[in-house]
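The next block holds one structure in the form of structure tokens; read it before the comments.
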Amino acid sequence: VMNGAVELFKAAKKEGIKPIVGCEIYLVGDLKAEKKQKRTHLTLMAENNEGYKNLVRLSSAGFLEGMSSGKPAVDMALLEKYSDGVIALSGCLASTFAKALVKDRADIARKHIDDLVQIFGPEDVYIELQKNGIPEQDIVNEGAVKVARDSGLSMVGTADVRYLRREDYQHHSALLCVQTKSTLQNPKMQFSGNEYYLKSTEEMVAAFAEWPEAIPMAAEIADRTEIDIPLGNILLPRFLPDGEDEHAYLRELVFEGLRERYGDPIPAEAIERAEMELGVINKMGYDAYFLIVWDFIKYAKDNSIAVGPGRGSAAGSLVAYTLRITDLDPLKYDLLFERFLNPERVSMPDIDIDFSVRGRERVMQYVKEKYGVERVAQIITFGKMFPRAATRDAARVLGHEYAIGDRLSKLIPDPEQGRAPKFDDCLAE
């Protein structure tokens with residue numbers, strides 16, 4: 001997945017470090033094949049902004065077109081479609097290339113590399129070598145060196161990093177047990193050895209002394225990559241055709257809604273509040289946003305799709321109330337608009353809307369048809385390990401009875417304003 005790319009980009013830039021973005025994808029032979037296919041791994045790197053966009057497209061396509069047994073996958077046809085600006089590395093032991101060499105099928109390995117070269121070009125394909133203490137890796141390295149030298153492709157020394165330090169091996173093993181709902185005494189999944197940590201330059205140079213040319217290639221790839229993800233821009237489509245005044249149209253709808261909600265003549269308090277909100281919305285550039293939301297909610301209600309009354313800070317907006325985006329009167333309940341939109345703290349409006357599960361897909365399809373599928377995205381929700389749940393998981397993984405983990409977790413302080421307590425605070429309690 002590419003979920004952490006923006007977070008990585010921002011953190012690296014903040015520390016003055018060059019961000020290098022990549023993705024290890026699952027690859028299958030043909031997504032259209034009816035029979036179930038085995039997935040292999042392939043390492044892809046973004047050389048530039050177009051490469052970054054293509055990695056995002058590949059990741060999305062894997063979920064939308066290649067889901068099988070709960071895992072996303074892409075095939076060679078998708079790689080060819082989204083290859084611009086992407087650098088390909090032959091992959092780890094789980095790659096098509098490595099698996100073929102382990103089975104003594106150098107012909108299949110060469111064919112796979114030839115296919116990658118056809119897609120990405122010879123300058124953008126590197127043969128990966130790794131040193132991890134696994135016997136099969138030694139077989140792969142021997143065959144990989146021969147393929148690289150026969151084909152004239154560059155070799156690059158890489159390391160599969162699963163944890164930061166060598167001593168974190170046990171912690172990683174415990175996390176795998178949490179993931180697979182097993183215990184350290186009887187794990188369902190584990191890695192061979194403790195070599196999957198972030199190695200220093202000196203350790204990598206020593207490990208690849210047999211192929212010293214493989215180390216500088218890592219620096220070459222780093223030098224080649226240059227991405228600059230544009231952040232903070234408003235990417236909203238226009239609601240009205242170019243040349244038409246969206247603010248005037250929004251104002252017209254709001255005053256029409258004021259008369260419906262409060263009667264005619266409109267109370268002075270409601271007019272004053274509406275004018276203030278419309279001024280802030282226009283100043284922040286969100287006229288189209290409110291029109292877009294108003295439009296698809298109107299579509300839902302006109303087509304008998306149940307819509308919730310609204311929740312969260314958007315309930316403090318009189319504009320949202322007059323547009324029937326929400327059904328809570330902010331004047332009656334003295335709700336603050338500033339909690340929703342504030343010129344002093346510029347951020348996109350966030351309106352939480354609940355649609356009936358029976359009609360939600362129809363609303364999404366309406367939005368896609370109106371604005372184009374390439375301008376509509378679904379967001380993901382991340383589950384995080386909070387202290388109490390993590391404590392119960394840790395106790396189970398270590399083989400303790402449920403009651404022990406439950407008793408320990410109840411000693412952890414309650415979250416404050418939705419935020420989990422810090423580790424030191426838990427110890428202090």
Side-chain angles (χ1 to χ4, degrees), residues 20-29 38-48 51 54-55 58 74-76 79-80 83-161 192 195-196 198-225:
I20 299 172
V21 174
C23 185
E24 186 178 51
I25 63 163
Y26 288 131
L27 183 66
V28 295
K38 289 187 177 180
R39 294 180 294 269
T40 59
H41 296 193
L42 183 66
T43 312
L44 301 178
M45 316 285 288
E47 183 177 11
N48 49 37
N54 278 330
L55 289 188
L58 282 168
V74 302
D75 60 10
M76 286 296 196
L79 287 183
E80 189 167 9
S83 61
D84 287 352
V86 176
I87 296 171
L89 280 60
S90 60
C92 63
L93 271 177
S95 67
T96 299
F97 179 68
K99 284 177 175 290
L101 291 175
V102 169
K103 294 178 180 177
D104 198 23
R105 292 300 306 270
D107 56 327
I108 295 176
R110 284 192 174 87
K111 172 68 168 59
H112 177 68
I113 293 299
D114 288 343
D115 290 341
L116 293 179
V117 169
Q118 285 295 314
I119 291 171
F120 297 100
E123 299 299 318
D124 291 327
V125 176
Y126 292 78
I127 303 294
E128 276 193 71
L129 304 176
Q130 293 190 3
K131 294 289 282 186
N132 49 30
I134 300 175
E136 288 85 352
Q137 186 68 61
D138 295 333
I139 296 171
V140 170
N141 288 344
E142 183 179 347
V145 170
K146 191 171 190 330
V147 171
R149 287 173 178 165
D150 288 347
S151 60
L153 297 175
S154 298
M155 298 182 293
V156 59
T158 72
D160 197 352
V161 180
S192 302
E195 292 289 326
Y196 298 92
L198 184 62
K199 295 176 180 176
S200 67
T201 301
E202 293 74 22
E203 287 176 299
M204 289 293 285
V205 169
F208 289 91
E210 191 176 348
W211 313 288
E213 68 271 31
I215 294 298
M217 286 301 111
E220 177 183 288
I221 293 171
D223 288 340
R224 288 182 59 186
T225 59

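This structure is a prediction, so every number in the text was calculated from the model and none was measured.
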Open item on the list: Which heavy atom of I113 sits nearest to which heavy atom of S90, and what is that distance?
Closed with: CD1-CB, 3.9 Å
Task: CD on E47 to CG on D223, rounded to 0.5 Å - done: 11.5 Å
Task: Heavy-atom closest contact (L58 atom, V74 atom, distance) - done: O-CG1, 3.4 Å
Open item on the list: Around atom NZ of K199, are there more than 12 heavy atoms from other residues, nucleotides or ligands closer than 6.0 Å?
Closed with: yes
Task: Exercise: identify the closest heavy-atom pair between L44 and A88 - done: CD2-CB, 3.8 Å
Task: L42 side chain reached by T96 side chain, heavy atoms, under 4.5 Å - done: no
TODO: Can you see which heavy atom on K38 is nearest to which on V28, and at what distance?
DONE: O-CG1, 4.0 Å
Open item on the list: Is the shortest side-chain heavy-atom distance between M155 and R149 below 4.5 Å?
Closed with: yes
TODO: For residues L116 and F97, determine if any side-chain heavy atom of one lies less than 4.5 Å from a side-chain heavy atom of the other.
DONE: no
Open item on the list: Please find the pair of heavy atoms, one from A144 and one from I127, that lie closest to each other, and give the distance.
Closed with: CB-CG2, 3.6 Å
Task: From S192 atom OG to E136 atom CD, the distance as rounded to the nearest 0.5 Å - done: 8.0 Å
Task: Any D150 side-chain heavy atom under 4.5 Å of R110 side chain - done: yes
Task: Inter-residue atom distance L129.CG - N141.CG, 0.5 Å rounding - done: 5.0 Å
Task: More than 12 heavy atoms from other groups under 6.0 Å of CG on D104 - done: no
Task: Spacing of D138 atom CG and N132 atom CG [to the nearest 0.5 Å] - done: 8.0 Å
- [ ] With sequence neighbours excluded, give me every salt bridge (charged side-chain N to carboxylate O under 4.0 Å, His left out) pair touching residues 118-134.
- [x] D124-R224
Task: Residue pair K99 / A94: nearest heavy atoms and the distance that separates them - done: CE-O, 3.6 Å
Task: Flag if over 12 foreign heavy atoms under 6.0 Å of CD, E220 - done: yes
Task: Main-chain N/O of D84 paired to N54 side chain as donor or acceptor, under 3.5 Å - done: yes
Open item on the list: Run T43 and T158 through side chain to side chain contact (heavy atoms under 4.5 Å, CB included) and show every step you take.
Closed with: CA-CA 11 Å; T43 312; T158 72; over 6 Å; no
Open item on the list: Using 0.5 Å steps for rounding, measure from the NE2 atom of H41 to the CG atom of D160.
Closed with: 9.5 Å
Task: Gap separating the CD1 atom of I134 from the CD1 atom of I139, nearest 0.5 angstrom - done: 11.5 Å
TODO: Please say which of D107, D114, D115 ends up in a side chain to side chain donor-acceptor pair (under 3.5 Å) with K111.
DONE: D115
- [ ] With the side chain counted from C-beta on, respond yes when C92 and E24 share a heavy-atom pair under 4.5 Å apart, and no when they do not.
- [x] yes
